Structures are given as C-alpha cells and as structure tokens.
Enquirer: 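My questions all concern the structure below.
Every chain is numbered from 1 and lettered A, B, ... according to where its sequence line falls, protein lines coming before strand lines. All figures in this text were calculated on a predicted structure; none of them were measured in a lab.
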2 protein chains.
Amino acid sequence: MIASELQKLVLFRNMTETEILDALRVLHSMEKHIKKGSIFLHAGDTTNAMGIILEGSVTIESNDMWGNKTILSLVGAGQYFAETYALLPDEPMLVDVRANEDCRILFLYIGYLSESWSSGSWKEKILKNLLLISSHKNLHLSGRSFHTSPKSCRGRLLSYLNSISKQKHSLEFDIPFDRQQLADYLNLERTNMSKELGKMQNEGIIIFRKNHFKLIQP
Amino acid sequence: MIASELQKLVLFRNMTETEILDALRVLHSMEKHIKKGSIFLHAGDTTNAMGIILEGSVTIESNDMWGNKTILSLVGAGQYFAETYALLPDEPMLVDVRANEDCRILFLYIGYLSESWSSGSWKEKILKNLLLISSHKNLHLSGRSFHTSPKSCRGRLLSYLNSISKQKHSLEFDIPFDRQQLADYLNLERTNMSKELGKMQNEGIIIFRKNHFKLIQP
DNA sequence: ATAAAAATGTGGCTTAAACAACAGACTTTC
DNA sequence: GAAAGTCTGTTGTTTAAGCCACATTTTTAT
C-alpha cells in the first residue's frame, strides 16, 4: 500500500504524500490480511487502533449468549471501523468485527493524535472536543440498538433497565421517561409493555412505582 | 450565560475564558428559550447550528406519516444535539427535536470552524477528517434505527430497500447482504422474511433474484 | 375541593412474527 | 460430475405482540 493510494481516502483528504507518510509512521500504521469469516475484534475487549478497509468488507455485529446475531452495519472498502473505540480506548467494545470476505486492513493507533490535548489554537481544541462528543454520541446510538434488538418485550426492558442500573452504579434508580416515552424508545406498544412490567413485578424481578425502578437480584 | 459556566462543558474543555469568548463570537452563538413540547428542529430541514442544552432536556425522535413515534435518544443538560447535521449541513435531518421540558439552549454555528479546511498541521487535518468520518458514522447508525423501527416485517424491508434505492439513484440494485445477513440487519427471522419477500413479489411490489432487487412503482 | 385532563394498568381478541422441520436450488470441492 | 455443503423458500404450529375498549390512578387547573 502506497501513499498515493491513500490520498483518495476521506481520512487523508487535503494531505500531501509527505504528510501521509508522517502520519503513517507516527500512528504506528500496520497492514494485516484477514480471512473471510474470522472475528478479529471481540466484544468486551478494548482497542487503540482504528481500521481502514483497503480491500474486502467487514460486518459490525453483536452476538448474544443465546446465539442471536444482530448486524449493526456493513463496512466496505475505503471505509472505517472501530474509530469510536480507538478514540475512547477505555470503552469496551459492544460489538464483534467479522471479515465478511478476505480483507486487507490498515490499522492506525490514533491515540497518538491527541497526546498534547490542551495545546494548539482554540479552534483545534474545540475540534478535538467535538470529536470526543461525536464518538460518545456514537456509543449512545449503538446502545439504543442493543435495547431494541431483543425481539421480546421483556428482553428489551431488561436490556434497558440493566444499562441504566450500570450507568447509575445502583440497583435502584429513576428513569427519565414516562411510560409512553419508554415504549417509544424501546419500540414497543405501551399497554403491552405495562402488562409485561406488571408481570415482572409479580415475579419479583423488579419493583417500580412511577419512574422509580429497583432491580432484584435472585 | 457566562464563560465560566461553560468551562465545565466537554466542548470547551482545556480552553481559557478568553478562548471561549472568542469561540462564542466567531461561532455566532445565540441563546434561546424553548417551551416544553414544541418541536423546534424538523425532519427534512437542514441546520447549520448545533445545540448545547444549558437547562432542560430534549428528545430526538422520528414521527412517521402513520403517527408512529420513535424516540432515538434523550439529551439532557450539559449535552449536545444536531452536531452531526451542523457538521454535514447538506444532510437533511432524519429526526425531529422536541423540548421535553422548558429549555434554555445555546446554538453554535460550527461550520465557521472548518472554513480553512486544508490549512494547519497534518494532525489538525486528520482530526478534521476524523470528525467528518465520525459524523457520517452517526448518520449510518441512525439510518439502521429507521429500518428497524417499523414493527412489521414488510415495513422494515420497504424502509431498507427504499433507502438503498435512493442511495444508488435507481430502482434496480444489488444489496450487499445474503438473506440471513439481511434478516440479522433488520432484526427479523430469516424464514419469515423470505415469506414476506415472496408475498411482495406476488403482489407485484418488487422483483428479486438472489441479491438483485427491483422496486416497482404503482 | 372539585372537575377536568393526563397517565397508567387490565382484559380479551386478533394477527403476525418466531420457530421447527424440511424440500429444493445453487455452489464448491475433489 | 458426484457429493457435500450452503443458501433459499415452503408449510404448519405456537406464542406473544399489537390493538381496542375501558377502568383506575395521578396530576393539573380553576
């Protein structure tokens, strides 16, 4: 892979060949070949590298413990993946990345970009901050995908309630939605969801009153 | 609203008060008060401004023509919205933004940040490019949310096929998924989806063979 | 305090999606 | 080109989500 090839990529837009070569060196770029079907980034791991697909394509997918698969996106040649996690290297990945065909992939350790976080003009600082914000927004959007991917009403409720519980570091918490909004967020029908909440309370899984919820451990 | 308040926000992290005041001026910042319940950014419109919520909260939602509502996210005080669309000002918004309570909101025209797109060090250039990539990724994630929000199998298929058709500017196109992958992407069960595709073909809505699809206008 | 309005919950019916089992078509491999 | 494997479509059954009508509770307004 040569610099002139890379100039076509959005990531290197407006950069000279020399600048691209500098970037590749500083960001510890590394090219890898990956076989069709293999999962090469795993949910739960963290990563410092983003990927650029030079050839082939990958799927971003979630595989839960009951064998259900959800494909969040398909990323093709000339596109990028894991940039969110590489920018937020403490966040464990929510997804697997699988080679959809034989792939040639360039990995870049973009953490090296933001070593001097507070230097530069205010425009540069605000750009860095925006990048963080955009990455977090990405995580939130992915989060909702996980809450809506279970097919059952109860599955979605549990996914959502568990995530709020983790967020608040407590089994007891308020949610920011009323019933109709919660149903709209989880893509459920309100009355059906009320029924399910009632059942779950009867079974002793949860206790709730209005917006206040408490999860019960078995 | 005063600069020292804003220093707590991620967007202005690592910036001095003077720098923040410069930013507010250059980005044409403007504070607005918005009443609970009102939709103040509409799907289909474009926007040049991102919003920072100083007080209150907003919901990001989609309201389709059959009256179905989907809430994509709830954005609270100290958080941001529409930054994706402000960074990609040609993209029409896919969502409405509604004040969930009475709100105090600061609007920033962040397009002014990237006027001199090709100046600066290579690090600065690559940061700008990354920001674009992250924003586009955001749009894709939102896109999938819309394909999975219809409750019916047919609704999801039509949402997906229509979007691909628009993307390719043609009523005839190949999709990048096999049946199992398409089902996994749309959160459907494969055999059921096959049934529905068959029905749709019988009804003359679509014609397909393998990965090749053709949409029929009535 | 009372009435009006909004939010939440319940029961019953209908419908469509999930699931299992299998058949046929198409690919790949040797 | 035969066999194995993969992908796709069909049928029938089960189950659970959607939906309607209405009851109950909670909140708001006067």
Enquirer: For D/dG18, does the base pair up with any side-chain atom of A/Arg190 as donor and acceptor (N or O, under 3.5 Å, distance only)?
Expert: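 There is none.
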Enquirer: Output the single nucleotide from D/dG18, D/dC7, C/dA18 whose closest atom is nearest the side chain of B/Asp178.
Expert: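 Nearest to the side chain of B/Asp178 among the choices is D/dC7.
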Enquirer: Rounded off to whole Å, could you give me the CG-to-P distance for the B/Asn211 and D/dT6 pair?
Expert: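 In whole Å, D/dT6 P and B/Asn211 CG are 18 Å from each other.
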Enquirer: Salt bridge (Lys or Arg N to Asp or Glu O under 4.0 Å), that's the test. Do A/Glu203 and A/Arg154 meet it? Break it down for me.
Expert: CA-CA 12 Å; A/Glu203 294 175 27; A/Arg154 175 170 302 201; 2.9 Å; yes
Enquirer: Measure from the side chain of B/Glu196, starting at C-beta and using heavy atoms only, and say which of C/dT8, C/dA17, D/dG9 lies closest.
Expert: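 Closest of the options to the side chain of B/Glu196: C/dA17.
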Enquirer: Between A/Phe173 and A/Phe213, how do the two ring planes meet: parallel, tilted or perpendicular, split at 30° and 60°?
Expert: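 Geometry flag for A/Phe213 against A/Phe173: parallel rings.
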Enquirer: May I have the distance from A/Arg179 (atom CZ) to D/dT26 (atom P), rounded to whole angstrom?
Expert: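 It works out to 12 Å between those atoms.
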Enquirer: Side chain of A/Asn192 only, please: which of C/dA17, D/dG18, C/dA21 is the nearest?
Expert: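 Among C/dA17, D/dG18, C/dA21, the one nearest the side chain of A/Asn192 is D/dG18.
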Enquirer: Given D/dG9, D/dT26, D/dA17, identify the nucleotide with an atom nearest to the side chain of A/Ser152.
Expert: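 Selected nucleotide (nearest to the side chain): D/dA17.
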Enquirer: If you only use heavy atoms from C-beta on, which nucleotide in D/dG9, C/dA18, C/dG9 is closest to the side chain of B/Ser194?
Expert: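 Taking heavy atoms from C-beta onward, the closest nucleotide is D/dG9.
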Enquirer: Check whether any side-chain N or O of A/Lys195 sits under 4.0 Å from OP1 or OP2 of C/dT10, and answer yes or no.
Expert: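 Result: no.
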Enquirer: How would you label the contact of B/Thr191 with the nucleic acid (heavy atoms, under 4.0 Å): base, sugar-phosphate, or nothing?
Expert: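 The answer is base, as B/Thr191 lies within the cut-off (heavy atoms under 4.0 Å) of a base atom.
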Enquirer: Whole angstrom is fine here: how far is it from CG in B/Asp184 over to C1' in C/dA17?
Expert: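 Spelled out: CG on B/Asp184 to C1' on C/dA17 is 16 Å.
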Enquirer: Honestly, is B/Lys137 close enough over A/Tyr80, meaning NZ or CZ under 6.0 Å from the six-membered ring centre and within 45° of the axis?
Expert: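 That pair does not qualify as a cation-pi contact.
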Enquirer: Using the side-chain heavy atoms of B/Arg209, tell me which of these nucleotides is nearest: C/dA21, C/dG9, C/dC26.
Expert: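 Nearest to the side chain of B/Arg209 among the choices is C/dC26.
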Enquirer: Do B/Leu182 and B/Leu186 come within less than 4.5 Å of each other through their side chains, counting heavy atoms only?
Expert: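 A side-chain contact under 4.5 Å exists here.
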Enquirer: With under 30° as parallel and over 60° as perpendicular, where do the rings of B/Phe81 and B/Phe107 fit, or are they tilted in between?
Expert: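 Ring orientation of B/Phe81 relative to B/Phe107: perpendicular.
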Enquirer: Quick one: A/Glu189 CD to C/dC13 C1', roughly how many Å, whole number?
Expert: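 After rounding, the reported distance stands at 13 Å.
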Enquirer: Once you round it to whole Å, what is the distance between P of C/dA7 and CZ of A/Phe208?
Expert: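 Atom CZ in A/Phe208 sits about 17 Å away from atom P in C/dA7.
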Enquirer: Taking atom P of D/dA16 as reference, at what distance in whole Å does atom CE of A/Met193 sit?
Expert: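 Answer to the nearest Å: 18 Å.
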Enquirer: Return the value, rounded to whole Å, for the distance between atom CG of A/Leu157 and atom C1' of D/dA17.
Expert: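 Checked: the CG to C1' distance equals 13 Å.
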Enquirer: Send over the distance from A/Gln180 CD to D/dC19 P, rounded to a whole Å.
Expert: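 My rounded result for the distance is 11 Å.
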Enquirer: For B/Lys210 and for B/Arg156, locate the closest nucleotide of DNA chain C by heavy-atom distance; then report the residue assigned to the nucleotide nearer the 5' terminus.
Expert: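 On the 5' side of the pair lies B/Arg156.
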Enquirer: Under 4.0 Å between a side-chain N/O of B/Arg154 and OP1 or OP2 of C/dA16, yes or no?
Expert: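 The answer is no; no side-chain N or O of B/Arg154 sits under 4.0 Å from OP1 or OP2.
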